[in-house]
Number of protein chains: 2
Amino acid sequence: MTRLLIADDHELVRETIAAYLAEAGQLEVIQSADLEDALVRLASTGPVDLVLLDYTMPGMSLPEGVHRAIDANAPNPVALLSGTASPDTARRALAAGAAGFLPKTMAPETLITAVRHLLNGGTYAPQQFLESDQKNRKNLHLTPRELDVLRGICEGKANKEIARDLEVQEVTIKLHVKTLCRKLNARNRTHAAMIGRDLDLL
Amino acid sequence: MTRLLIADDHELVRETIAAYLAEAGQLEVIQSADLEDALVRLASTGPVDLVLLDYTMPGMSLPEGVHRAIDANAPNPVALLSGTASPDTARRALAAGAAGFLPKTMAPETLITAVRHLLNGGTYAPQQFLESDQKNRKNLHLTPRELDVLRGICEGKANKEIARDLEVQEVTIKLHVKTLCRKLNARNRTHAAMIGRDLDLL
DNA sequence: CATAGCCCTATCCCTCCGTATAGGTTACAT
DNA sequence: ATGTAACCTATACGGAGGGATAGGGCTATG
């Protein structure tokens with residue numbers, strides 16, 4: 001029988017999805033509440049036909065967590081499941097080797113379809129989702145330098161510190177901060193930091 | 001038959017939980033993908049026996065969203081359902097009049113129990129969850145006023161604006177900002193905003 | 001009633017932020 | 001070759017942030 005492992009720290013969500021997959025998908029579903037437990041189970045029982053990992057769970061990370069899961073389940077596929085992750089996160093997950101990215105906003109029937117597709121060795125990544133932010137960001141092209149500065153801001157650094165780290169003058173940082181605020185529609189550096197974090201720009 | 005409305009923008013989660021509640025709980029379950037749709041449905045069909053609202057969904061807010069739902073479903077109870085909300089959020093939801101707060105980490109059987117309890121007019125708020133952050137934050141007791149200020153900071157407001165909104169003097173805001181930075185080990189307001197966001201203090 | 005915590009105010013001082021203006025150098029494309 | 005994008009620099013100024021110090025008023029709790 002086809003075996004599937006689903007890892008999610010939200011027991012309510014995990015149990016109900018697992019029940020649905022077991023019944024509607026005719027699958028044997030193994031459950032874990034965090035990444036470590038999932039890895040231990042894979043190590044003891046051997047690879048399952050498909051692993052579904054929640055992105056926001058204890059121990060999970062990109063790309064390390066995904067790599068560990070892929071290694072533990074080789075040669076069978078690992079896919080991510082998330083309700084909140086950004087398209088950028090999805091892209092990074094796929095870049096890390098995940099076979100699919102399943103948003104929790106999808107319909108249950110679509111999940112079954114996606115799982116079947118993944119079991120057949122395919123990949124699943126809703127292009128609509130992946131491209132959904134391209135439009136939002138088409139006029140949001142942050143240059144590498146601006147991202148460097150944004151990172152510094154988010155760490156609470158002063159312009160002077162960022163300047164020293166990047167080995168430029170403080171005025172240059174001020175310039176980048178100003179353009180950052182303009183591009184992000186932020187009122188000041190703090191606002192820019194929050195917006196940048198919301199948009200998962202770092 | 002007992003009717004329940006569940007609102008959550010994650011279709012996969014909503015559908016599977018709804019299916020579970022319908023079957024295991026012998027309930028009639030109505031679904032909505034956002035707060036507006038839920039309110040429209042309540043307005044057209046009249047109050048249901050219990051409303052379950054996801055905290056992180058379009059249109060949802062504290063305390064306004066909760067108040068609107070309570071008004072729309074009066075006199076029957078409204079409870080919140082969330083996977084990520086902090087204990088502080090749960091407390092504010094209850095303060096806003098919610099009859100319960102159900103973390104998505106709970107077991108499905110516990111959900112049934114909680115729903116039955118809410119249907120009987122009781123309240124449900126896992127005290128273990130409500131107190132769970134007291135340990136992590138034992139030396140992190142932010143006063144209500146400090147949270148107000150932190151909110152303002154996170155929105156990119158200047159001290160002067162926050163002062164006007166809270167109807168106090170600017171110096172008072174500066175004082176709160178200073179204590180906030182000390183309590184959060186932040187280097188400045190921007191850092192404090194990021195830390196507060198990471199800790200889900202708002 | 002005394003203590004403690006929270007909230008508010010005041011004054012002084014200095015640093016940092018934010019904006020404006022006016023340039024300059026590369027690198028790469030049409 | 002001309003344009004354009006990215007990056008950097010300089011000077012200058014007003015306003016905001018942030019720290020120190022020194023209080024007063026309120027309420028809850030013993």
Side-chain angles (χ1 to χ4, degrees), chain A residues 134 136-197 199 201-202, chain B residues 87-88 91-92 95 131 133-197 199 201-202:
Chain A
Q134 302 287 7
N136 299 340
R137 300 181 186 183
K138 80 168 50 175
N139 52 2
L140 181 55
H141 174 55
L142 297 191
T143 68
R145 214 49 166 173
E146 285 163 357
L147 284 175
D148 290 338
V149 174
L150 184 56
R151 257 185 288 276
I153 292 176
C154 287
E155 290 167 13
K157 290 180 181 170
N159 287 342
K160 198 173 293 184
E161 290 178 278
I162 302 173
R164 185 168 37 74
D165 293 347
L166 299 181
E167 294 177 322
V168 297
Q169 296 301 309
E170 184 184 353
V171 279
T172 306
I173 304 301
K174 287 190 178 184
L175 177 70
H176 289 313
V177 171
K178 191 175 61 171
T179 55
L180 268 174
C181 286
R182 180 167 39 77
K183 289 185 178 179
L184 295 176
N185 278 323
R187 323 175 60 170
N188 51 45
R189 55 170 48 225
T190 303
H191 202 192
M194 298 301 284
I195 292 173
R197 201 180 183 292
L199 268 53
L201 295 178
L202 308 181
Chain B
D88 186 69
R91 279 188 289 268
R92 285 197 295 141
E131 293 168 357
D133 64 343
Q134 304 287 4
K135 300 160 195 166
N136 301 339
R137 307 176 186 181
K138 73 171 63 173
N139 50 3
L140 181 55
H141 174 54
L142 297 191
T143 69
R145 214 49 168 171
E146 286 162 356
L147 285 175
D148 290 338
V149 174
L150 185 56
R151 260 184 285 279
I153 292 176
C154 288
E155 291 167 12
K157 288 180 181 170
N159 288 341
K160 198 173 292 184
E161 290 178 279
I162 302 173
R164 185 168 36 72
D165 293 347
L166 299 180
E167 293 177 323
V168 297
Q169 296 300 308
E170 184 183 353
V171 281
T172 306
I173 304 301
K174 286 190 178 185
L175 177 70
H176 289 314
V177 171
K178 191 175 59 171
T179 55
L180 268 174
C181 286
R182 182 167 37 77
K183 289 184 178 179
L184 295 175
N185 278 322
R187 321 174 63 171
N188 50 46
R189 56 170 46 224
T190 303
H191 202 192
M194 297 300 284
I195 293 173
R197 199 181 182 292
L199 267 54
L201 295 178
L202 309 181

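Labels below follow one simple rule: chain letters A, B, ... track the order of the sequence lines, proteins then strands, and each chain is numbered from 1.
Taking 4.0 angstrom as the limit, B:Asn159 places none of its side-chain polar atoms (N or O) nearer than this to OP1 or OP2 of D:dA16. Put simply, A:Thr172 has no side-chain N or O that comes within less than 4.0 Å of OP1 or OP2 on D:dC7. The phosphate of C:dC7 (OP1 or OP2) has a side-chain N or O of B:Thr143 nearer than 4.0 angstrom.
Residue B:Glu167 contributes atom CD, which lies 16 Å from atom P of C:dC7 at whole-angstrom precision. With rounding to whole Å, A:Lys160 atom NZ is found 11 Å from C:dC17 atom C1'. Between the CG atom of A:Leu184 and the P atom of C:dG18 there is a distance of 13 Å, rounded to whole Å. Atom CG in A:Asp148 sits about 13 Å away from atom C1' in D:dA6, given to the nearest Å. B:Arg187 places its CZ atom 15 Å from the C1' atom of D:dG17, with the value rounded to the nearest Å. Between the CZ atom of A:Arg145 and the P atom of C:dT26 there is a distance of 16 Å, rounded to whole Å. Separating the NE2 atom of B:His191 from the C1' atom of D:dG17 is a distance of 17 Å, rounded to the nearest angstrom. In this structure, CD1 of B:Ile173 is placed 15 Å from P of D:dG19, rounded to the nearest angstrom.
Counting only heavy atoms from C-beta outward, the side chains of A:Arg145 and A:Leu166 approach each other to under 4.5 Å. Looking at heavy atoms from C-beta onward, B:Leu147 lies in side-chain contact with B:Arg151 at the 4.5 angstrom threshold.
Closest approach to the A:Lys178 side chain among C:dT19, D:dG17, C:dC17 is made by C:dT19 (side chain taken as heavy atoms from C-beta onward). Set against C:dC17, D:dG17, D:dG19, the side chain of A:Glu170 has C:dC17 as its closest nucleotide.
Nearest-nucleotide mapping onto DNA chain C: of B:Val171 and B:His176, the residue sitting toward the 5' end is B:His176. DNA chain D is contacted by both B:Asn188 and B:Leu175; B:Asn188 maps to the nucleotide lying nearer its 5′ end (nearest heavy atom per residue).
At the heavy-atom level, A:Val168 lies under 4.0 Å from the strands shown only through sugar-phosphate atoms.
The shortest heavy-atom contact between A:Thr190 and B:Ala193 is CG2-CB, 3.8 Å. Listed here is the closest heavy atom pair of B:Arg187 and A:Glu155: CD-O, 3.8 Å.
Note that the CZ atom of A:Arg189 and the NZ atom of A:Lys157 stand 12.0 Å from one another [nearest 0.5 Å].
A donor-acceptor contact under 3.5 Å is formed by the side chain of B:Lys174 with the base of D:dG17.
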